[in-house]
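See below for the structure under consideration.
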Amino acid sequence: MFEAKLIQGNLIKKIMEGLKDLVTEANFDLSPGGVSLQAMDSSHVALVALMLRGDAFENYRCDRPRSIGMNLVNLSKVLKCAGNDDTMTLKADDTQNNITLVFESQAEDKYAEVQMELMDIDSEHLGIPDNTYDAIVKMPSAQFSQIVKDLSSIGDTVTVSVTKDGITFSTSGDVGTAHITCKQNTSMEKEADHTTVNLEHPVTLTFALRYFVTFAKSTSLSHQMSISLSKELPVMVEYAMGDMGHIRFYLAPKIDD
Amino acid sequence: MSQAKLTKFFTKS
């Protein structure tokens, strides 16, 4: 038996916003420690890794580790039945091939129960090495979102360059070229507004911009996000959800032919 | 430039 209740049920809605444009179906790995997911996009260029700790839930029960496959388009439809302030309970009986989602209003005056079929999904699990990155930049997630959206109307690829002076996003297209630099800035009162650059070695990498736009759909999960870069390695874009868990995106760079 | 795939960097586990 698996059962987990989230007081802030809309957390799952927010997570799905970031997932559904990247992968259409995925296995959720349920274990006593929590819920995790790893899935690649169909072109095997980007990967999403989600982790939600068991203690992020109000009551969490997972009797045995199990993978449950879900169609994320269908899950998004089901989640429309949940109000933004509703609690959300997920229930899956080990002997059944379905999951039950229960949405309850905070005032306990509305109760919705939806059952959704599970599916068998063949998925490749990749081992992601624990990298020491050349550069880690933390910045407000809204700012990152705005930058990648603005640049995506100018070009298709983005060159990300980190030096001790800051992080620069550059693109070019028919319209012209654009460079946006964010310098380290810790003068604001709120830490979530800070931009910090942790640099071991200067690094420059080029990526397909549209993936960054997709990753930025997770902006509502966290005020801060981080970009971790190493020479000739996939970039890691992370949105940490406090001590509840995280969603991480990996994107393979463009390389010289 | 060409787009690399993730499997070039991460191994299947």
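Side chains included, hydrogens not; waters and symmetry mates left out as well; all remaining heavy atoms used. In the text below, chain A, chain B and the rest are named by the order of the sequence lines, each starting its count at 1. Small disclaimer: the values here were computed from a predicted structure and weren't measured.
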Report yes if the distance between the aromatic ring centroids of Phe2(A) and Tyr60(A) is under 6.0 Å, otherwise no.
yes
Can the ring centroids of Phe212(A) and Phe144(A) be said to lie less than 6.0 angstrom from one another?
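Yes: the rings meet the under 6.0 Å criterion.
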Does a donor on one side chain sit under 3.5 Å from an acceptor on the other, for Asn131(A) and Ser230(A)?
no
Side chains of Thr177(A) and Ser172(A): do they bring a donor and an acceptor to under 3.5 Å?
no
Could you tell me which non-hydrogen atom of Met139(A) sits nearest to which non-hydrogen atom of Cys182(A), and how far apart they are?
CE-SG, 3.8 Å
Short N-O contact, Glu17(A) and Lys217(A), less than 4.0 angstrom
no
With chain B as the partner chain, list the residues of residues 19-56 of chain A whose heavy atoms fall under 4.5 Å from it, by residue number, and write 'none' if nothing qualifies.
Met40(A), Ser43(A), His44(A), Val45(A), Ala46(A), Leu47(A)
Heavy-atom distances under 4.5 Å only: say whether Thr206(A) touches chain B with side chain, backbone, both or neither.
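Only the side chain of Thr206(A) comes within 4.5 Å of chain B.
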